[in-house]
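In this chain, numbering begins with 1 at the start of the sequence shown. Keep in mind that this is a model prediction, so the values were computed, not measured.
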Amino acid sequence: MKFNKVVKKRFKLYKSGKTWVVAATVFFALAGISGLAVHADNTTASSDIAKQTVVANPTNNESPVTSGDDTKQADSSVKTDNGNNSSATSSDDSKSNGTVNHDADKSTTDSDAGTTGQSTDSSTGKVDNNTDNSNSNPAKTDNNKQDSADADKNKTNSDANSNNVNKDNGTNANNSTAKSEDSNKQSSDVPTDNVLPDGWNADHTQYVKDGKLVTGVQSIDGTYYDFDNNHNIVKDDYVESQWGTWYMFGNDGKIATKVTPWSGTYYYFDPLTYLRVDNNYVQSQWGDWYMFGNDGKIATKVTPWSGTYYYFDPLTYLRVDNNYVQSHWGDWYMFGNDGIIATKVTPWSGTHYSCDPLTYLRVDYNYVQSHWGDWYMFGNDGRIVSGLTEWYGATYDFDPSTYLKVTNTVENINGYYYYFDDSGRLVSWAQYPSDLIADAKATLAIQTASQFLGQGYVQGGNNPQTGFDCSGLVQYAYGVAGVQLPRLSEQQYYATMPIDGSQARRGDLVFFSRTYNDGSNFDPKSMTQVGIYLGNGKMLDAQGNGIVVENVSDFGQSYPTYYGRVLNF
C-alpha cells in the first residue's frame, strides 16, 4: 500500500508538473505571437529580404523556416524529450527543459534572421546587419543531448552567416556594428566614375589629369604632348591640335622645335610658338643655317627668298656660295660669295662671268656693262675676254689685267703694231709704226667715204650738203682723217707718190686718164677720175652711177690706170 501511495504521490506530482509545463509552453507561445504581431509592420521588408537571401545562399543547406514552423519544431522537441526520458525529473528540470525548447525556437528564428545578416530592434524597427546571438545560446543538459545538438546546429548556421567575426559573446554586437559602419564608409570612398590617380601610367603612354585620361595637346612637365582619341600618346607625327593649329611631335612624344625630320624631309618649328616656319632662312639647333620653302619643307637647289634667289645643296641642305650650278629645271646659274644669285659681272673659278639681271642666265658672246659701269666682253663659253676679239664685224682689244677695251691706242701684239680708234675698233696694223699711222688715217678716210654710199653723183660737189663728184669725195674723206689734198683729181695725182699696182694697199688712190672724150687732144697723164683703194682689187668712188664700191679692173678696161700713195701719210 505504501508503494501505491508513493506511486500515487509521484503520479500527482507528475500531473501537476505536466500541467505547469503545458501552461508555461502556452504562455511563452502567446508571448512570442504577441511580439511578432507588434513588430510585423516594421520587419516585413527585412523578413522578405532575409528569406530571399537564405534561398539564394548556396552554402545554407537548410530550407527557409517560418516562425510557425519553429513553434511546431519546439513542440515536437518537447514531446520527444519527455517521451524518451526514462527517469523522473524535478519541476526545475521540466522548467529547464521548457526553457531549452523556447530558446531553441528563438535560436531557430535568430538563425533565419542571421542568415541575411539582419535583425530587428523591437523598439525602433532599425535593421541591424549583425545580431548578437550570445544570449540565445541554448542551455545543454545530459538528458537533452539530441535537442542540444539541434540547437548547436542552428547556432552554427547563425554564427556562419554573421561572418564568424565574434568570439567574445559579450562584445559581439558592438564589434559587428562597428565593422558594418567601417565597411560602409570604405565603400563610399571607392571611385564610381573611373577616377584615376594623376600622372603618367607605367609605360609612359597615357596621362591622367584631374582623375581622367587626357586627349589632345596637353602641357606636361614643362613641354607639350599630344594624345589621340584612345588617350594614347602621339609620337613622330604632324597633327592638328584641339584649337586648330598644327604641331609636330617627335619620336619621344614631345612637341618639336627647330629642325625636325618627318615624312622623308625636314621642317622647322619655332621654339616659342611651336608653329611651322615657312619661306624663311633660319639657324638650326646645331648652328647651321637652312632655308624652308612656302610648304615648310627644307629647301634644295634654287630657292626664292627675300627678293632674290639662293641655292641649297640637295645632299647637305647647306647654302652654296661662289659656285656655278644647275637648277632643278636644267638651267645654270651663278651664286656669289654671299650666296645670292649673281647678276652682271661675277668672279668665279679664276675668271669672270656675266649673268643677265632679268633671267639670271649666263651671257655668252656679248659686250655688256657691269653693275659698276664699265663694259666687258664675254666669249662663247661665257668667260670674260682679254686680247684681240672679233665682234660684229670689227676687232677689239681688251686689256688682260683690267679686261677693259683698249681705245685710241697703238698696241704691239706679237710683233705687229695695231691701232685702235676712240671706239676701240682696230683701225690698222702694220709691221712698222710709220706704216701703221698711214694705215690708220687711210682706214678713217675709208670709213668716212663709206657713209655716203648710194648717193648720186654731183658735178663739182665736195661736201655732204651739196653732194660729191669723184675728187670732191676723196678730198672730204681724207680731210676728216687729217690729210689735206688738192681739189681736182689731176692735182691729187701729182700730190701722191706713184706706185705699181702690185704694191697697192688699202688707202692708196686709183687714177684713170682720158675718161672724157670730147675730141680734144688730152695728155695721157691727164687724170680725170679718182677713187680710194680698199684692197683685194676693189675701190670706192663717185661716178655716173653714184657713190659705189666696184672692181678696179671693170673700170680700168676702158681707161689707163695709175696708183699713187699719199705723200704726207
Under the side chain to side chain contact (heavy atoms under 4.5 Å, CB included) rule, collect the residues that match up with [X], sequence neighbours excluded.
{"X": "Leu275", "result": "Thr245, Tyr247, Thr273"}
{"X": "Asp500", "result": "Ser502, Gln503"}
{"X": "Thr561", "result": "Val510, Phe512, Val552, Tyr563"}
{"X": "Val548", "result": "Asp541, Gln543, Glu550"}

Short side-chain to backbone donor-acceptor contact, Asp198 and Gly211, under 3.5 Å: yes
If I take atom [atom1] from residue [X] and atom [atom2] from residue [Y], how far apart are they, to the nearest 0.5 angstrom?
{"X": "Cys470", "Y": "Phe511", "atom1": "SG", "atom2": "CZ", "answer": "9.5 Å"}
{"X": "Asn294", "Y": "Asn279", "atom1": "CG", "atom2": "CG", "answer": "4.5 Å"}
{"X": "Met248", "Y": "Ile255", "atom1": "CE", "atom2": "CD1", "answer": "10.5 Å"}

For [X], what residues pass the ring-ring contact (aromatic ring centres under 6.0 Å, His included) criterion, not counting sequence neighbours?
{"X": "Tyr419", "value": "none"}
{"X": "His231", "value": "none"}
{"X": "Trp332", "value": "Tyr324"}
{"X": "Tyr396", "value": "none"}

Lys254: side chain to side chain donor-acceptor pair (under 3.5 Å) partners, not counting sequence neighbours: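 Once residues adjacent in sequence are excluded, Lys254 has no partner under the side chain to side chain donor-acceptor pair (under 3.5 Å) criterion.
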Non-neighbouring partners of Asp397 that pass side chain to side chain donor-acceptor pair (under 3.5 Å), sequence neighbours left out: none
Side chains of residues 333-347: which donor-acceptor partners sit under 3.5 Å, not counting sequence neighbours?
from   : atom 1 : to     : atom 2 : distance (Å)
Tyr333 : OH     : Trp329 : NE1    : 3.1
Asp338 : OD1    : Ile340 : N      : 3.1

Residues forming a salt bridge (charged side-chain N to carboxylate O under 4.0 Å, His left out) with Asp278, sequence neighbours excluded: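 Testing Asp278 for salt bridge (charged side-chain N to carboxylate O under 4.0 Å, His left out), a comparison that skips the adjacent residues, returns Arg276.
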